[in-house]
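Below: the structure, in structure tokens.
Counting convention: from 1, in listed order, for ligands and their atoms alike.
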Amino acid sequence: MALQVRNLTRDYPTRSGTLSVLRGVDLTLDPGQSLAIMGPSGSGKSTLLYIIGTLDTPTAGSVRLDGTDPFALPEREFAAFRNRSVGFVFQDHHLLPQCTVLENVLIPTLVGTDDPAAVKDRAIKLLDRVGLSARLDHRPAELSGGERQRVAVARALIHRPALLLADEPTGNLDRTSGRAVGVLLLEVAREENAILVAVTHSAELAGTFPRTLLMDDGKLVDP
Ligand code: ADP
């Protein structure tokens with residue numbers, strides 16, 4: 001399930017003309033590979049991540065996952081692609097406060113035809129993997145910031161996505177929790193043979209990744 005991004009561009013029309021945020025991004029990642037993307041605020045890092053994750057659309061160029069261009073899929077398959085192939089971890093955990101930890105991890109499985117017993121078993125295993133097996137019935141408010149982000153990581157992985165995408169995953173955490181969440185993301189991505197792409201301002205987080213690229217003038221370049 002290799003990810004291939006070719007000559008990707010993204011323009012935003014603005015009142016003062018066209019803003020060319022991405023100006024020809026090329027990227028190839030194989031399963032199990034991890035990449036950190038750094039760069040100044042407003043340079044287009046999140047835009048790239050969201051297009052790779054099909055939350056935004058490119059102006060031109062292509063994204064392919066194992067040869068499939070998600071933007072060429074019919075609407076239903078496109079939605080299924082996003083739900084199945086992409087796991088997102090955001091800066092804010094986006095957990096539902098009224099749901100337990102276990103229910104939060106199961107939320108992506110509510111639309112679909114999964115075997116309920118099998119997905120529950122997987123959710124419990126994932127929560128054990130992220131160190132929260134004693135917290136299945138807790139609500140997000142009863143957890144620390146780092147623990148909430150661990151739940152978000154487990155939720156992102158519930159469908160064994162080919163792509164694990166993280167936008168400032170440690171941005172709201174203290175240094176120790178941030179480091180632990182960074183290590184966890186790298187480890188679980190490797191265990192699941194997923195492609196991990198993380199956008200971050202944290203040189204410390206990027207430093208733990210095997211590879212870092214910089215967003216510079218709308219392109220990805222070596223630092
Ligand atoms: P980064 O993640 O590197 O901080 P972003 O990808 O969030 O940067 O944003 C890149 C640029 O695109 C910014 O200048 C931002 O203002 C602009 N931008 C993002 N989304 C939109 C939009 N929907 N309409 C117009 N401009 C946008």
Evaluate the criterion side chain to side chain donor-acceptor pair (under 3.5 Å) for residue pair Asp11 and Thr18; output intermediate values, then yes/no.
-> CA-CA 6 Å; Asp11 299 338; Thr18 301; 5.8 Å; no
Distance from [atom] to nearest protein heavy atom, with residue and atom:
atom: atom 17 (C) of ligand 1; value: Leu19 CD2, 3.9 Å
atom: atom 13 (C) of ligand 1; value: Gly42 O, 3.7 Å
atom: atom 9 (O) of ligand 1; value: Thr47 OG1, 3.8 Å
atom: atom 18 (N) of ligand 1; value: Tyr12 CE1, 3.4 Å

When you look at Phe71 and Phe81, which way does the ring-ring contact (aromatic ring centres under 6.0 Å, His included) test go after all the steps?
-> CA-CA 10 Å; Phe71 299 105; Phe81 175 95; 8.4 Å; no
For Pro40, take its heavy atoms, then give the atoms of ligand 1 lying under 4.0 Å from any of them.
-> 3 (O)
Using a strict 4.0 Å cut-off to heavy atoms of Ser43, name the atoms of ligand 1 that fall inside it.
-> 1 (P), 3 (O), 8 (O)
Is there a donor in the side chain of Thr100 and an acceptor in the side chain of Arg135, or the other way round, less than 3.5 Å apart?
-> no
Per-atom contact, atom 3 (O) of ligand 1, protein heavy atoms, under 4.0 angstrom | yes
Nearest protein heavy atom under 4.0 Å from atom 15 (C) of ligand 1, yes or no | no
Quick one: CG on Leu22 to CG on Leu8, what's the gap to the nearest 0.5 Å?
-> 6.0 Å
Which value, rounded to the nearest 0.5 Å, describes the distance between Leu196 atom CG and Glu187 atom CD?
-> 12.0 Å
Can you check whether Ser46 has an N/O within less than 3.5 Å of an N/O in ligand 1?
-> yes
Examine Gly44 against ligand 1 and note whether any of their N/O atoms are separated by less than 3.5 Å.
-> yes
Check if Ser41 has a non-hydrogen atom at a distance under 4.0 Å from any atom of ligand 1.
-> yes
Tell me which part of Val21 gets within contact of ligand 1: side chain, backbone, both or neither, using heavy atoms under 4.0 Å.
-> side chain
Arg82/Glu75 salt bridge by N-O under 4.0 Å criterion = no
The side-chain contact (heavy atoms from CB on, under 4.5 Å) partner of Val197 among Leu29, Val5, Leu163, Leu213 is Leu29
Only one of Leu102, Val151, Leu143 passes side-chain contact (heavy atoms from CB on, under 4.5 Å) with His138; say which it is.
-> Leu143
